[in-house]
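Worksheet: the structure to be examined is printed underneath.
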Amino acid sequence: MKLAILYAGPYRGTFDILKNHLNTFGDNIDIYVSCFEHYLDEWKSSNWPITEYFVTPYIDFDKTNWAKNRNDAAGQSGFWQFWNLKNVIDSIPKNYDFYIKNRNDIIFNDKLNLKSIELLDNVLYSPNESFHRKDWDTNTWLNDEFYIGCERTMRVISKFVTDYYNKNSHHLNTPNASNESQLRIHLNQNNINVSKLYNFSYSKNHYGVTSPSGLVKFQLENYKK
């Protein structure tokens with residue numbers, strides 16, 4: 001089975017996190033990154049063994065349908081997360097069986113034993129726990145920090161940032177207005193199932209910050225030119 005790991009957005013890792021990821025996934029795997037051009041130097045000097053870099057194109061967030069529905073800090077942070085991810089998904093080669101969406105500021109407590117998982121097409125595999133939530137309902141939520149999917153699943157996710165709010169209008173401050181819940185609805189609408197990965201836990205370490213972004217500060221982009 002041929003796998004690729006996808007990273008997106010600014011570099012947030014450390015050398016210890018790099019060693020942890022290589023120990024978790026091995027060093028014989030292709031790794032792709034998409035980020036804005038001003039983050040490239042930091043990524044390239046990180047010693048992360050990247051197969052190929054892609055530059056995320058500029059966009060005026062205010063002119064997107066996403067901004068019309070979710071323009072608070074949480075909404076903006078989610079947009080940039082998926083805008084970077086869209087570019088790496090759209091740019092990667094299509095000769096892999098499955099793709100792993102990863103973050104470079106999380107530390108894994110367990111090795112990923114893919115031999116124990118029956119990976120299926122049109123299914124998104126997501127850890128049953130995250131650093132800020134112990135469990136979640138498969139039908140209404142998912143862990144969007146780390147997941148595994150086939151090419152079609154990833155293509156569907158790449159359209160979340162551009163297509164979802166063209167068809168769905170959700171007001172801010174409603175219980176369902178979160179990236180995790182809205183992405184789950186998007187997957188439902190595209191017939192993608194979700195399956196939990198058990199016995200695969202991790203914690204976050206964003207340059208010493210271990211709390212969820214929503215409890216500290218969201219990282220936003222300066223999109224005004």
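Here the structure is a predicted model, which means the values were calculated and not measured.
Cys150 contributes atom SG, which lies 5.0 Å from atom CG of Asn122 (distance to the nearest 0.5 angstrom). If you take CG on Asp97 and CG on Leu114, they are separated by 11.0 Å, rounding to the nearest 0.5 Å. Atom CD1 of Ile59 sits about 11.5 Å away from atom CH2 of Trp66, to the nearest 0.5 Å.
A heavy-atom distance below 4.5 Å is found between the side chains of Arg152 and Ile192. Between Leu18 and Ser46 the shortest side-chain heavy-atom distance does not fall below 4.5 Å. Residues Met1 and Leu119 form a side-chain contact, since some pair of their non-hydrogen atoms from C-beta on lies under 4.5 Å apart. When side chains are defined from C-beta on, Lys101 does not count as touching Phe146, because their heavy atoms never get closer than 4.5 Å. Side-chain contact check for Ile29 versus Thr51: every heavy-atom pair is 4.5 Å or farther apart. Residues Ile100 and Tyr147 fail the side-chain proximity criterion, which asks for heavy atoms closer than 4.5 Å. Contact of the Ile92 side chain with the Phe54 side chain is registered, since non-hydrogen atoms from C-beta on lie closer than 4.5 Å. Taking the side chain as every heavy atom from C-beta outward, Leu183 and Leu142 approach each other to under 4.5 Å.
There is a side-chain donor-acceptor pair under 3.5 Å between Ser201 and Asp110. Side-chain contact check for His21 and Tyr7: at least one donor-acceptor pair (N or O, by modelled atom type) lies under 3.5 Å. Side-chain contact of Glu129 with Tyr198: a donor-acceptor pair under 3.5 Å is absent, judged by distance alone.
In plain terms, the two heavy atoms of Thr140 and Arg184 that are nearest each other are C-CG, 3.7 Å. Between Ser181 and Trp141, the shortest heavy-atom contact is N-CD1, 4.0 Å. Between Cys35 and Gly9, the shortest heavy-atom distance links the atoms CB-O, 3.3 Å. Across all their heavy atoms, Tyr11 and Trp43 have their closest contact at N-NE1, 3.5 Å. Lys196 approaches Thr138 most closely through the heavy-atom pair CE-OG1, 3.5 Å. Across all non-hydrogen atoms, the minimal contact from Asn143 to Pro127 is CB-O, 3.7 Å.
Heavy-atom contacts from other residues, nucleotides or ligands closer than 6.0 Å to CG of Asn113 number more than 12. The number of heavy atoms from other shown groups lying within 6.0 Å of NZ (Lys111) does not exceed 12. Surrounding CD of Glu37 are at most 12 heavy atoms belonging to other residues, nucleotides or ligands under 6.0 Å away.
Taking the salt bridge (charged side-chain N to carboxylate O under 4.0 Å, His left out) definition, one finds that Arg155 meets it with Glu151, sequence neighbours left out. Looking at residues two or more places apart in sequence or on another chain, you find a side-chain contact (heavy atoms from CB on, under 4.5 Å) between Leu120 and Glu118, Val123, Tyr125. Annotation: salt bridge (charged side-chain N to carboxylate O under 4.0 Å, His left out) contacts of Lys19 (sequence neighbours excluded): Asp16. With sequence neighbours excluded, no residue satisfies salt bridge (charged side-chain N to carboxylate O under 4.0 Å, His left out) with Asp41. With sequence neighbours excluded, no residue satisfies salt bridge (charged side-chain N to carboxylate O under 4.0 Å, His left out) with Lys159.
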Pair up each side-chain donor or acceptor in residues 82-89 with any protein partner under 3.5 Å, not counting sequence neighbours, and list the distances.
{"unit_1": "Trp83", "atom_1": "NE1", "unit_2": "Pro57", "atom_2": "O", "d": "2.9"}
{"unit_1": "Asn84", "atom_1": "OD1", "unit_2": "Thr56", "atom_2": "OG1", "d": "2.6"}
{"unit_1": "Asn84", "atom_1": "ND2", "unit_2": "Trp80", "atom_2": "O", "d": "2.9"}
{"unit_1": "Lys86", "atom_1": "NZ", "unit_2": "Asp90", "atom_2": "OD2", "d": "2.9"}
{"unit_1": "Asn87", "atom_1": "ND2", "unit_2": "Ser34", "atom_2": "OG", "d": "2.8"}
{"unit_1": "Asn87", "atom_1": "ND2", "unit_2": "Val55", "atom_2": "O", "d": "3.2"}

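For the pair Lys44 and Tyr53, the cation-pi criterion (under 6.0 Å, within 45° of the ring axis) is fulfilled.
Checked against the 6.0 Å centroid threshold, Tyr99 and Tyr32 do not count as a close aromatic pair.
Ring-plane geometry between Phe108 and Phe25 is classed as perpendicular, the angle between the planes exceeding 60 degrees on a 0 to 90 degree scale with a lower cut at 30.
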- Query: Going through the checks in order, is the side chain to side chain contact (heavy atoms under 4.5 Å, CB included) test met by Lys2 and Phe98?
  - Reply: CA-CA 7 Å; Lys2 193 172 182 183; Phe98 286 88; over 6 Å; no

- Message: Evaluate Asn166 against Asn65 for side chain to side chain donor-acceptor pair (under 3.5 Å), listing each step before the verdict.
- Response: CA-CA 6 Å; Asn166 292 358; Asn65 277 328; 2.4 Å; yes

